Amino acid sequence: MDRERRRIIVQGVVQGVGFRPFVYGLAAALGLTGWVVNSPQGVLIEVEAASDILEVFAARLHNELPPNAAIDHFDSQPIAPHGDSTFEIRRSNLQGAKTALILPDLATCPDCLHEIFDPANRRYRYPFTNCTHCGPRFSIIQALPYDRASTTMRGFVMCADCRAEYENPLNRRFHAQPNACHRCGPQLTLWNRHGRTLYQRDTALLAAVQALRDGNIVALKGLGGFQLLVDAYNENAVQRLRERKGRYEKPFAVMMPTLMQVEQICDVSPTEAQFLTSSAAPIVLLRTHSDQIAPSITPENPYLGMMLPYTPLHHLLMAEFVNPLVATSGNRSGEPILIDNDQALAGLSTIADVFLVHDRPIARHVDDSVLYIFEEKPVMLRRARGYAPSPVHVDEVNVEIMAVGAQQKNTLAVAHHGNVFLSQHMGDMDNVAVLDAFTRTLSDFQSLYDLHPAAIACDLHPDYTTTRFAEQSGLPLIRVQHHYAHVLSCMAEHHLKGPVLGVAWDGTGYGLDGTIWGSEFLHINSEGFERVAHLAPFPLPGGESAAREPRRCALGLLYALYGDDLPRDRLDFTPRELDLLMTALHRQINTPLTSSMGRLFDAVAALIGLRQRCSFEGQAAMALEFSQDGLKSDECYPFTVTPVTRDDGHIERIIELKTMIAALLRETNSAVIAAKFHNTLAAMIVKIAQHTGESNVVLSGGCFQNLALLEKTIRNLRQAGFTPFWQQNIPSNDGGLALGQIMAALKDQHYVSRRTGENHQHQR
Ligand code: ZN
Ligand code: ZN
Ligand code: FE
């Protein structure tokens, strides 16, 4: 039978996942000749055989992919046969544009797990075991293409056994870049808080476990940074961690040794189990039904952030410790997670009692990701380890653009060859250390993807650190309104082109009129957006500080509704404090107007006595969400919508709050009030959707992290015949904003032509 030859280009997640050995094995099994090679554009394959066998090859290539591989693009062209006699894996080709995808870090695979607990295996109890199906990727890569010499493993020379595995195409460790063993790889050390070495290797691990049993706090050098660990059953130890970290109420996450143990204290659906045990191994928020866990881990919160061990080091620790551990970011309040041994020692010596460190450098910080499951899909709250820097595929990407994100929960994004790469979570840019991480990540992304951006997108807010940074970049600047970016981010995730009704509800965003927006209904089409509705604005006495004091939001809201006749007894201020703030409101001194939904949540939480001050963002809204109970119906408070015709002739609908607040103040059961408040908000969205008439309604902004609000809104919209969309893989909070900024910049490409001449000069 005649032989045929095909040239195949495979793109997607095909590097660093054992794809070439898989192709090699398949070719060997089918008796094909030819070769396979890694290139910056993806994997190139040439195969030669009878045509029916080539069909089988193509089919099996798709059907039998290695666990973490994914094919986005498969192109197969017939070419002239060569008549080669073998199939080989060729050396990587470094030429051409860098379009290959960088993989996120992958949780330990079942094969490696088996090896580290097998006394007969040469990797028995080796904490840095990995293979092409698992192990560090993003946290060790320093340049593309992904090769050992361009990772933080380059300082370790493989022993003969490891080298043999690495070079054998039929071995699971063929070209596993971080491949290592007891003999040649990284090792553990236990330090006291002064950095003095106490123990090494396995003894260090066992001593760290003993320290945990004794109620001590252990700083662990994990995968993408340091973690602080403490016994989750030891209330005193957890309290001590809270005091030393200065983090008094914000929930901690917990790591459990096995899924079975998670199921003993939490409700776990099949989808939740699937995410917990996935190669991304995120923190999944679960409902807990046990009181075994120390109460101070998640005060006043029915959810527990749970994760499973995701490195051999975590597996070995947990197997020895047996009980759950609090595992929280190893950072000082507000700063990024620490990655360097010496910096961690300096930064955490007042928090941790001992340090379990190792000598494999971490290339960049990658926090644990956090999500919950709704309708069998993730709702991402913090996107980092296991997800970043996996791209969002966007057809419109035909130019390289950079977006710098927002001020809080910052992430940045780059658009490049049909993809948008969103960075890992960085944090709040008010902090100098976060700004530092931001600039490092930016240059990181630029060099990894060899980026020459034509423009830079930022928020409209003039005072954001990111805005100033963008202004100084010298690139054409695209300023994007905050809530528009939120909705575009969600549209990008769902490949929606518009027109849609966007609902962006959050804490703070700079509006086109210079006031603080935050309850925006935006009609969006291919041209841009129009603000069609929002809450009636109210003043925030003290401006920014109102976000930490819900009682101030309550005062501002009541003042807007009742003026001087406001019901003073509903407010938690001393008479003197109240007089001062009333004077400020009268004279409009530092009392900016806002239409923020986040601040409305705060105001209501304070008015019904749930919370007057917050120690972390969203705390009051969470109290309101978790307190609702005992209401089976969709009962709402009344509200009115007033159409206002703007100067340019377009109609804006103002949602008036007076009837709602008046009704709410007449009730006494805070659980019922909380439920009716959520119902009313969902009803507002349906009302405005009916006025606007667009069938696709896109929900974004931090308020939609609230599961009760999300659930009710989606149910009501569907009942009314609308199709709701919400953020799933990209956070609806400001962590997803950079994606929306990119989308806005892609719509508005006037900068492209302007830039062409300059680009030429750069090349010369
Ligand atoms: Zn493995
Ligand atoms: Zn070795
Ligand atoms: Fe926002």
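Not measured: the values here are computed from a predicted model. Just follow the structure's listing: the first ligand is 1, and inside any ligand the first atom is 1.
- With the Zn ion (ligand 2) as the vertex, atom SG of C159 and atom SG of C181 span an angle of 100° (nearest 10 degrees).
- H486 and H482 have perpendicular rings, their planes meeting at more than 60° on a 0 to 90° scale where under 30° would count as parallel.
- Around the Fe ion (ligand 3), the protein N, O or S atoms closer than 2.8 Å are H482 NE2, H486 NE2, D506 OD2, D734 OD1, listed by chain and residue number.
- With a cut-off of 2.8 Å, the Zn ion (ligand 1) has an N, O or S atom of C109 in range.
- Classified by interplanar angle (parallel below 30°, tilted 30° to 60°, perpendicular above 60°), the ring pair H461/Y464 is parallel.
- Ring orientation note: the planes of Y166 and H175 are close to parallel, at an angle under 30° on the 30°/60° scale.
- More than 12 heavy atoms of other residues, nucleotides or ligands lie within 6.0 Å of CD in E167, so this atom counts as buried by the packing criterion.
- Here Y24 and F174 keep their ring centres 6.0 angstrom or further from each other.
- There is a side-chain donor-acceptor pair under 3.5 Å between H314 and Q227.
- A side-chain donor from one of D506 and H483 sits under 3.5 Å from a side-chain acceptor of the other.
- Look at H182 and the Zn ion (ligand 2): no N/O/S atom of the residue is under 2.8 Å from the metal.
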